[in-house]
Amino acid sequence: EVSKNKRLFISHRVYPSIEMDDNCLVATDAKWIRFVIAQFMTNAVKYTMEENKKIYFETTLEDDKLVFSVRDEGIGIPASDIKRVTKAFFTGENGRKSGESTGMGLYLAQEICNRLGHKMRIKSLLGEGTIISIVFERLDSKERDDKDVDINS
């Protein structure tokens, strides 16, 4: 998604920083999770208004869950808006400033994550930036073993 959207980064003069474990593997729908990641990325770029800032793409393990995050150094989301940014058609203070917001991007991202069984999480500090994450539950070894099929038996 970063490579596909390199012109977006170049035109806004912000730069991606990717720190992801190459061994991370999740079971999900590739098409829809790309849509969600693209939404996170375009919002991060759009609301990082100063040049030479970075957008960080990171994976971490938390309590046996894989967390994929997009972190920006942008304007942040006002505390009064944070709980409503995933509501349909909500544009918030920042969306009204930019004039480009439809209020549907994070709503759709949340709906997709819900339907795929993933959690979406948003943390933000006004003037410092936003971290938006997808939390992928880990299948324990028993569940994985139950789903494996031995074709030789």
Side-chain angles (χ1 to χ4, degrees), residues 1-139 144:
E1 287 306 306
V2 170
S3 292
K4 200 180 340 177
N5 289 283
K6 63 186 171 192
R7 291 188 200 294
L8 178 69
F9 286 96
I10 293 166
S11 67
H12 283 81
R13 291 187 166 86
V14 296
Y15 304 97
S17 173
I18 301 172
E19 301 230 358
M20 296 174 50
D21 185 340
D22 290 337
N23 296 317
C24 292
L25 180 66
V26 295
T28 192
D29 185 290
K31 174 183 150 188
W32 287 111
I33 213 68
R34 279 188 188 108
F35 175 91
V36 172
I37 292 169
Q39 183 61 50
F40 293 176
M41 180 177 51
T42 56
N43 278 359
V45 171
K46 180 171 36 173
Y47 295 111
T48 301
M49 297 173 175
E50 290 180 45
E51 294 182 2
N52 300 315
K53 296 286 186 173
K54 290 187 178 178
I55 308 296
Y56 299 88
F57 298 85
E58 304 163 322
T59 55
T60 56
L61 279 177
E62 292 178 12
D63 300 324
D64 212 28
K65 296 175 178 90
L66 178 71
V67 180
F68 168 79
S69 300
V70 177
R71 177 172 54 96
D72 66 51
E73 300 176 324
I75 60 176
I77 301 169
S80 59
D81 288 351
I82 198 82
K83 292 202 183 279
R84 300 186 300 166
V85 294
T86 58
K87 304 292 183 219
F89 305 109
F90 181 76
T91 56
E93 189 178 313
N94 292 340
R96 289 188 294 274
K97 282 180 192 172
S98 76
E100 297 176 24
S101 180
T102 64
M104 291 302 290
L106 291 180
Y107 165 75
L108 290 171
Q110 178 71 68
E111 286 294 309
I112 291 165
C113 284
N114 288 345
R115 291 176 191 247
L116 293 175
H118 311 313
K119 289 184 174 57
M120 195 171 100
R121 184 167 72 191
I122 303 171
K123 295 179 186 175
S124 190
L125 282 172
L126 203 55
E128 292 187 27
T130 300
I131 303 169
I132 188 160
S133 306
I134 306 168
V135 180
F136 297 97
E137 295 288 329
R138 181 176 174 159
L139 296 175
R144 282 195 302 262

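At distances below 3.5 Å, at least one donor-acceptor pair connects side-chain atoms of Asp29 with backbone N or O atoms of Trp32. Judged purely by atom type and a 3.5 angstrom limit, Ser17 has no side-chain atom pairing as donor or acceptor with the backbone of Ile55. Side-chain atoms of Thr59 come within 3.5 Å of backbone N or O of Asp21 as a donor-acceptor pair. Listed for the Thr42 side chain is a donor-acceptor partner under 3.5 Å among the backbone atoms of Gln39. In this structure, the side chain of Glu73 engages the main chain of Lys54 through a donor-acceptor pair within 3.5 Å.
To the nearest 0.5 Å, atoms CZ (Arg71) and OG (Ser133) are separated by 10.5 Å. Summarising the geometry, atom CD1 belonging to Ile18 is positioned 12.5 Å from atom OH belonging to Tyr56; distances are rounded to the nearest 0.5 Å. Atom-to-atom distance recorded for Asn5:CG and Met41:CE is 3.5 Å, nearest 0.5 angstrom. Taking CD1 from Ile75 and CG from Leu125, the interatomic distance works out to 13.5 Å, rounded to the nearest 0.5 Å. Atom OG of Ser124 is separated from atom CD1 of Ile132 by 9.5 Å, given to the nearest 0.5 angstrom. The line from NE2 of His12 to CG of Asn52 is 14.0 Å long, rounded to the nearest 0.5 Å.
No side-chain heavy atom of Arg13 sits under 4.5 Å from any side-chain heavy atom of Ile10. Here the side chains of Phe89 and Lys87 are not in contact, with every heavy-atom distance at 4.5 Å or above. A heavy-atom distance below 4.5 Å is found between the side chains of Ile112 and Phe35. Contact annotation: the side chain of Ile77 approaches that of Val85 to within less than 4.5 Å [non-hydrogen atoms, C-beta and beyond]. Contact of the Phe57 side chain with the Val70 side chain is registered, since non-hydrogen atoms from C-beta on lie closer than 4.5 Å. The side-chain heavy atoms of Phe90 and Leu106, taken from C-beta on, include no pair separated by under 4.5 Å. Taking the side chain as every heavy atom from C-beta outward, Ile134 and Phe40 approach each other to under 4.5 Å. Under the 4.5 Å side-chain criterion, counting only non-hydrogen atoms from C-beta, Phe68 is not in contact with Leu66.
The nearest pair of heavy atoms linking Phe9 to Val45 is CE2-CG2, 3.7 Å. Looking at every heavy atom in both residues, Val67 comes nearest to Ser69 through CG1-OG, 3.6 Å. Across all non-hydrogen atoms, the minimal contact from Leu126 to Pro78 is CD1-N, 3.7 Å.
With sequence neighbours left out, the salt bridge (charged side-chain N to carboxylate O under 4.0 Å, His left out) criterion links Lys6 to no other residue. For Glu128, the salt bridge (charged side-chain N to carboxylate O under 4.0 Å, His left out) criterion is met by no residue, not counting sequence neighbours.
Sequence neighbours left out, the pairs with a member in residues 109-130 that pass ring pair (Phe, Tyr, Trp, His ring centres under 6.0 Å) are His118-Phe136.
Lys4 has a carboxylate O that lies under 4.0 Å from a charged side-chain N of Glu1, or vice versa, which qualifies the two as a salt bridge.
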Step by step, would you call Val14 with Asp72 a side-chain contact (heavy atoms from CB on, under 4.5 Å)?
CA-CA 10 Å; Val14 296; Asp72 66 51; over 6 Å; no

